[in-house]
Amino acid sequence: MDKAELFNIRIEEPCLDAYKNAQIHWDGIAKPLDGLGVFEEIINKIAGITGNADVRIDKKAVVVMCADNGIIEEGVSQSGHEVTTVVSSNIAKGIASVCRMACVAGADVVPVDIGIKDNIEAEGLLDRKVSNGTANFAREPAITIEGLLQAIQTGIDITRDLKEKGYKIIATGEMGIGNTTTSSALASVMLNIPVSKVAGRGAGLSDEGLKRKISVIGDAIKKYGLDGQKENLREETFKALRCIGGLDIAGLAGVFIGGALYHIPVIVDGIISATAALAAERLVPGCRLYMIASHTGKEPACRFILDRLCLKPVIDAGLALGEGTGAVLLFPMLDMVMEVYRENTTFDDINITQYKRYTDI
């Protein structure tokens, strides 16, 4: 895939008939109209995405893109790249936080080495390495054009492969030291909001460390001429991803594009995942219609991005663990809601007239 092919991708709108049929089904269940609130809307949305009101989300996966970021050379993180290596290996072994939670949720974890600095041989870790980490964007563009396109294509291909294997819903996650810096930088550019309003402390920066992070990002945005919205959102987004982005973000953007292409719902996690989701929407308009928001992350930019994407998260708990843990938290909640959708008594079952809806579906 080259850049022209990426920009020429067209997304079909979700099936309105399936969405409406799911809503009609909800209205026939013996309960108050819209009694499960935003969860009913999510199930309707999944029906529209898949084109079928007979909704099933029994086979679930969380894709965790793992990559290192050269910008940590500028002192924007407490930790070094070796943490990415250790945690990515633990995810592959099934002993990381996201693995424990996914086990409870009945989801499979798919860790992907898309740009870890070290070379890891770990069973269960998909080797899709584009490069051994990114360059330090304070000095040079983070990713080559070819590398960026490869990373996006990798995400698209993984989504396609999961769809072919029968997965019904995908959560997104990441692992990579320095990726709250890359995501904050991208969020500032794409939202046209000052860095100071979107950059957070990541895994725990001091006041001085946060000032350093904001300064490094601000200088880079000016260096690459990214300060100010441009008329061509696709070109600006592509340039921003290449100059100040991360391979994990690029790979996840591909997952979101793949979700829209292959009609499979994709759950947004925290700030890194949300940044990738916004990048996907700007590169390929219409992708947001296939996204589901799980939570408002602790990083300041997360809520801004979800608002821009018109996505309503259901969890607000100050989550900042990463790895896709927030997205995985949504799975058991959806399973409980699906039990009502598929198995609950209907008004017809109990011979009672159902509630009337006085607004259009």
Side-chain angles (χ1 to χ4, degrees), residues 65-88 114-118 130-143 147-148 151 173-227 239-253 269-276 278-279 297-302 304-305 318-323:
M65 292 288 182
C66 306
D68 279 302
N69 300 280
I71 193 62
I72 66 170
E73 295 172 2
E74 301 300 316
V76 296
S77 174
Q78 279 196 45
S79 307
H81 78 274
E82 62 278 358
V83 175
T84 305
T85 301
V86 171
V87 177
S88 299
I114 197 165
I116 300 172
K117 185 173 183 178
D118 294 331
V130 174
S131 64
N132 293 83
T134 60
N136 179 351
F137 70 64
R139 303 175 190 174
E140 60 183 301
I143 313 171
L148 176 54
E174 40 60 42
M175 178 58 222
I177 298 303
N179 60 14
T180 62
T181 299
T182 54
S183 56
S184 296
L186 288 167
S188 177
V189 171
M190 292 190 292
L191 295 169
N192 199 23
I193 292 177
V195 179
S196 59
K197 293 189 179 298
V198 296
R201 297 179 185 272
L205 286 175
S206 64
D207 289 346
E208 192 60 36
L210 179 57
K211 288 179 183 177
R212 173 65 179 162
K213 181 177 181 177
I214 291 170
S215 175
V216 167
I217 294 172
D219 289 346
I221 288 173
K222 291 178 182 177
K223 174 183 176 71
Y224 299 112
L226 295 166
D227 46 343
K239 181 179 179 182
L241 281 168
R242 180 174 65 84
C243 293
I244 58 176
L247 290 168
D248 50 354
I249 296 173
L252 289 175
D269 187 41
I271 179 59
I272 294 91
S273 172
T275 300
L278 182 56
K298 193 174 182 179
E299 291 290 305
C302 201
F304 292 132
I305 292 173
L319 302 178
L321 199 159
E323 301 178 18

Rounded distance [0.5 Å steps], NZ in Lys298 versus CG in Leu321: 11.0 Å
Non-hydrogen atoms of Leu226 and Cys243 that approach each other most closely: CD1-CB, 4.5 Å
Expected output: side-chain Ser188 to main-chain Ser184 donor-acceptor under 3.5 Å: no
Minimum heavy-atom distance Ala240-Val189, with the two atoms named: CB-CG1, 4.2 Å
Euclidean distance, Ile217 CD1 relative to Glu74 CD, rounded to 0.5 Å: 11.5 Å
Donor on one side chain, acceptor on other, Asn179 and Asp248, under 3.5 Å: yes
From OG1 (Thr85) to CG (Asp118), nearest 0.5 Å: 3.5 Å
Atom of Ile271, atom of Ala301 and distance for their closest heavy-atom approach: CD1-CB, 3.4 Å
Contacts of type side-chain contact (heavy atoms from CB on, under 4.5 Å), residue Lys117, not counting sequence neighbours: Asp68, His81
Main-chain N/O of Gly70 paired with Thr134 side-chain donor or acceptor, under 3.5 Å: yes
Reported CD1-to-OG1 distance for the pair Ile72 and Thr181, which is rounded to 0.5 angstrom: 9.5 Å
Closest non-hydrogen atom pair between Ser131 and Leu247, with its separation: OG-CD1, 3.5 Å
CD-CG distance between Glu299 and Leu319, expressed to the nearest 0.5 angstrom: 12.5 Å
Side-chain donor/acceptor of Tyr224 to backbone N/O of Phe137, under 3.5 Å: yes
Chi angles and distances behind the side chain to side chain contact (heavy atoms under 4.5 Å, CB included) call for Met190, Ile305: CA-CA 9 Å; Met190 292 190 292; Ile305 292 173; 5.8 Å; no
Any donor-acceptor N/O pair, Asn69 side chain to Ile177 backbone, under 3.5 Å: yes
Reported SG-to-CD1 distance for the pair Cys66 and Ile116, which is rounded to 0.5 angstrom: 5.0 Å
Validation row: Leu241, Leu186 side chains within 4.5 angstrom (heavy atoms): yes
Nearest atoms (heavy-atom pairs only) where Thr275 meets Ser183: OG1-CB, 3.5 Å
Distance-only polar pair, side chains of Thr180 and Lys213, donor-acceptor under 3.5 Å: yes
Nearest heavy-atom neighbours spanning Gly246 and Ile143: C-CD1, 3.8 Å
Residue pair Thr182 / Ile244, side-chain heavy-atom distance below 4.5 Å: no
Student check: side-chain heavy atoms of Met175 and Met65 closer than 4.5 Å: no
